[in-house]
Amino acid sequence: MIDHLYRWYPVYTNSRAEKKAYQELQRKGIEAYLPLRKEWKQWSDRKKLVEEPLFKSYLFVRISNKEHAEVFMTQGISRFLYFSGKIAIMPDKQMEDLKLLMASGEDLELIEHDIQPGEKVLVNAGPFKGMIAELVSIKNKKSLVLKLENLGYAIEVKTSMAYIAPLK
């Protein structure tokens, strides 16, 4: 039995192919959503504001079951995401909330790690790159208090949560 209900599905794209896959889906008449955020990129000779995908290698399609094959055969699409052995479905409310959040214009930042105060972290970017520290507290997403290894001092660091990673 074919289900004709339209639902949102997350799909995984080939590396750095989100925009091309999105355009190809649009060309095929398939409803798709690619959340983009503006980000400053620095090259050796210039700085430029570019649109980058919020979720690397992901985009969302709103299709019925009969369109799964068409999406899968789209250039740039690697696979559907699975959860508990079934193709993952995104609730309509979550997609509406995501679109509303993206439309708000807020400076969004994805944090891939769940780091808690007391954990040892490695600073991956900025002036403290390569430094090992202990996360003391998070004042906000751009201001962290780190206890620097070997110094014994805690210092408030204006850096992004995205620039630290848990120490393995």
Could you report the tightest heavy-atom contact between Met95 and Tyr33, atom names first, then the distance? CE-CD2, 3.8 Å

May I ask you to decide if Gly76's main-chain N or O and Lys20's side chain share a donor-acceptor pair within less than 3.5 Å? no

Stepwise side-chain contact (heavy atoms from CB on, under 4.5 Å) test for Val61 and Leu59: CA-CA 7 Å; Val61 293; Leu59 58 83; 4.0 Å; yes

For Ile63 and His68 the tightest heavy-atom approach is CD1-CD2, 3.1 Å

Heavy-atom distance under 4.5 Å between the side chains of Pro53 and Tyr58, does that happen here? no

Ignoring hydrogens, what is the shortest heavy-atom contact between Glu31 and Trp8? Give both atom names and the distance. OE2-CZ2, 3.6 Å

Glu39 atom CD: more than 12 heavy-atom contacts under 6.0 Å: yes

To the closest 0.5 Å, what do you measure between NZ (Lys41) and NZ (Lys47)? 12.5 Å

Nearest-0.5 Å distance, CG of residue Leu25 to CD of residue Gln75: 11.0 Å

Run the salt-bridge test on Glu24 and Arg27 with the 4.0 Å N-O cut-off and return the result as yes or no. yes

Output the distance between atom CG (Leu54) and atom CE (Met102), rounded to the nearest 0.5 Å. 5.0 Å

So among Ile77, Thr74, Leu34, Leu36, which one has a side chain to side chain contact (heavy atoms under 4.5 Å, CB included) with Tyr22? Leu34

Return the OH to CZ distance between Tyr12 and Arg79, rounded to the nearest 0.5 Å. 6.5 Å

What heavy-atom pair brings Leu81 and Val11 nearest, and what distance separates the two atoms? CD1-C, 3.9 Å

Using 0.5 Å steps for rounding, measure from the CD1 atom of Ile87 to the CZ atom of Phe72. 9.5 Å

Would Lys56 and Glu52 pass as an ion pair if we require N to O under 4.0 Å? yes

List the steps, then state whether ring pair (Phe, Tyr, Trp, His ring centres under 6.0 Å) holds for Phe60 with Tyr9. CA-CA 6 Å; Phe60 304 92; Tyr9 298 92; over 10 Å; no

Single-linkage hydrophobic cluster, 4.5 Å side-chain cutoff, Ile89 and Tyr82 together: yes

Shortest non-hydrogen pair, Ser15 vs Ser57, comes out as CA-OG, 4.0 Å

Is the backbone of Ser64 close enough, under 3.5 Å, to the side chain of Glu67 for a donor and an acceptor to pair up by distance? yes

Taking every non-hydrogen atom, the tightest pair across Glu119 and Pro166: OE1-CB, 4.2 Å

Straight-line distance of Leu101 CG to Lys99 NZ, nearest 0.5 Å: 13.5 Å

